[in-house]
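First up is the structure itself, then whatever we jot down about it.
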Protein chains: 2
Amino acid sequence: MTEPAPQGRPAGKPRRAPTIHDVAAVAGVSRGTVSRVLQGGHNVSPASLEAVNAAIGKLGYVVNRHARNLVTQRSNSVAFLLTEPQERFFEDPNFTTLLRGCTAALGEHDIPLLLMTAGDEAERRRVVRYLAAGHVDGVLLVSSHRGNPMIEHLREAEIPMVSCGKPLGQRGRVAYVAADDREGAKDMVRHLIESGRSRVATVAGPQDTPGGVERLLGYREVLDEYGITFDESLVAYGDYSRAGGEQAADRLLAAAPGLDALFVASDLMADGALAALDRAGRSVPGDVAVGGFDDSPAALTTRPALTTVRQPWDRISQEMVRLLLAQIAGETQPTVILPTELVIRESA
Amino acid sequence: MTEPAPQGRPAGKPRRAPTIHDVAAVAGVSRGTVSRVLQGGHNVSPASLEAVNAAIGKLGYVVNRHARNLVTQRSNSVAFLLTEPQERFFEDPNFTTLLRGCTAALGEHDIPLLLMTAGDEAERRRVVRYLAAGHVDGVLLVSSHRGNPMIEHLREAEIPMVSCGKPLGQRGRVAYVAADDREGAKDMVRHLIESGRSRVATVAGPQDTPGGVERLLGYREVLDEYGITFDESLVAYGDYSRAGGEQAADRLLAAAPGLDALFVASDLMADGALAALDRAGRSVPGDVAVGGFDDSPAALTTRPALTTVRQPWDRISQEMVRLLLAQIAGETQPTVILPTELVIRESA
DNA sequence: CTGAAAGCGCTTACAG
DNA sequence: CTGAAAGCGCTTACAG
């Protein structure tokens, strides 16, 4: 007599997950054939293919990644590496947007994202050891400052990687995806001038970051276009933080009280600048038109709502993942520059 | 004649990583002994131990995780799972704080964190398949709303997990770490009353989240303590978003114009409430004292700076990791409730 | 304390 | 198109 089928799985702990062996037995083929089906079903007869798929469904078989990874010498995983002091990035809304986009894009390939941070020397060592050991197939790198020590380490270990934003001082040796910072800045400054402003100041980002450099260059190029002489007293520098933007705007207001427009190199800094202007009794956009950069969520909650330059974060993350997977597959992929978009709200 | 030693590694690609076999050969012992050293060096003679360690250093040997994981049937990795619509969490500063803390805490154990999101049905299926296949050893769960379908799936698959915040409707079946929401709320409301306010209103969180329920309960309990009759018109509900807080405050101002204090169940909502009060021409804390909850970075940039209840995020993430690792190791760990701290700034 | 050996669950030439 | 077999790099009883 046969026992009644147990409800669910038996009481004993040892639920052994079905293996390729079990599938082969049920399907009545060899393990090699099962594996071939798993690899895409090439060189497998329709009958075998169907039998194997049925067995897989019946058993609820899922490949054991460790076994597969061991033999293929791949990890089928990718690291998302933050190389700045953690504080900075975790407060930056651009970061979470990017992280979310990369997670989603990798998810579609069924590739998990390992989040790693390398903020201090101890972490850096641990991460390099981990990555150099080949525990991931590639690295999505988030680092903006020149002279990042991690990049050298990763290059030496010949780990596929793609950076978000152009890594300064690498002379084209590392692939990257970036928004067109310079054109975006130019669009904004043209918009400011075309709306009738004549004393356009700017809060630039750090000059050891690509965004800091390029957005300032865009500002200067448009001044040239319109035959406006560049004036040192109309530029101040911030560190991309809200407080930094506020202080830079204070300095600008002191050095050039007559300014009637302000291009700020990030939304977070623009939010700070808005506070400074408010304190100084200047209305926006009445007295001073203000333009930001990023189109971060914060741009919608400032008052007035911020006119800004939209960075295409969704596409940036998608392209980063595409480039990295191509690189892992052995293809050489060119760097990608994505267009920005001027978003006009109330502040300018 | 011997060739001069090549600089760096040879030109040919095939840099094969050293294995336990190479280490054994260099150290003059068997692979088993090398493995024992790797496992902690028990039952290994001092001489062997030293020889093996020297060989490891010389070769730059790093264990192959795939091989190890295959035989130990462990993944030595942990998932950080977001089960809400992604938008919500990625905008919530509490989330990034928690993510950062967990990454750091796991990093100390050399365990990578896999970031996974289960916002829609398709993602949910993919994630359940991945987790149920045993691809991670455990799950750090971030989910606040009652009736989260993922929890059932994970429980069925018997995957170790610990939740951030008490999962409603699970009757104690899943371990969690949380701040003491009720006590935190009570501290704040007492502070409001003790500072001389008599019409204390509250913006509560969603009532299908533990923070929404508990913080409102704390508010009511303190009212009782002081013999103040509970007044329906002094409570409004928000969804933890900035806009939600602003709208809730608007409603409160309409229903109870005489309110002179406001306890808001999150800093983000408090920021919105501040905007509503400003629009209504009420000064803070002059006309209305405002208290928040979280002590998020935003609490420092509101004007006036926000008096709030600090959630101990660092400890929360550390405890989550500790509990999860214990659970993976087979130990049963009790749930952990951590004390909050009243942070007095300018708004109350 | 230590070595030889089995085995974890896959993939992939190799013959046929 | 398919099976038998080797091998990926480890860990872990088992003898000794």
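Keep in mind it's a predicted model, so treat the numbers as computed, not measured. Scope of the values below: all heavy atoms of this structure, side chains included, with no hydrogens, waters or symmetry mates.
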Exercise for the section: Report which part of the nucleic acid A:S35 touches: base, sugar-phosphate, or nothing (heavy-atom distance under 4.0 Å, all strands). Expected result: base
Handout entry: B:V37: which of B:N53, B:V29, B:I20, B:V23 passes side-chain contact (heavy atoms from CB on, under 4.5 Å)
Key = B:N53
Fill in the blank from the handout: Residues A:L82 and A:F95: closest non-hydrogen pair is CD2-CE1, 3.4 Å
With a 4.5 Å cut-off on side-chain heavy atoms, are [Y] and [X] touching?
X      : Y      : value
A:V139 : A:V78  : no
B:V136 : B:L114 : yes
A:L81  : A:L140 : no
B:L38  : B:I56  : yes

Handout entry: Upstream residue (5' side of DNA chain C) when B:S48 and B:Q73 are each assigned their closest nucleotide
Key = B:S48
Completion exercise
Of A:R31 and B:S45, the one whose nearest nucleotide on DNA chain C sits closer to the 5' end is B:S45
Handout entry: Contiguous pairing runs of three or more, Watson-Crick or G-U under 3.5 Å, that involve DNA chain D
Key = C:1-3 with D:14-16, C:5-12 with D:5-12, C:14-16 with D:1-3
Handout entry: Donor on one side chain, acceptor on other, A:N69 and A:S75, under 3.5 Å
Key = no
Practice task
Indicate whether the side chain of A:T117 and that of A:E123 have a donor and an acceptor atom separated by less than 3.5 Å.
Solution key: yes
Problem - Ion pair check, B:D314 and B:R100, cut-off under 4.0 Å - result: no
Exercise for the section: May I ask you to decide whether A:R31 forms a salt bridge with A:D22, counting only side-chain N to carboxylate O separations under 4.0 Å? Expected result: no
Completion exercise
5'-most to 3'-most nt of DNA chain C touching chain A (<4.0 Å, heavy-atom partner on protein side) reads C:dG9 to C:dA13
Problem - Neighbours of DNA chain D within residues 52-68 of chain B, by heavy-atom distance under 4.0 Å - result: B:Y61, B:V62, B:V63, B:N64, B:A67, B:R68
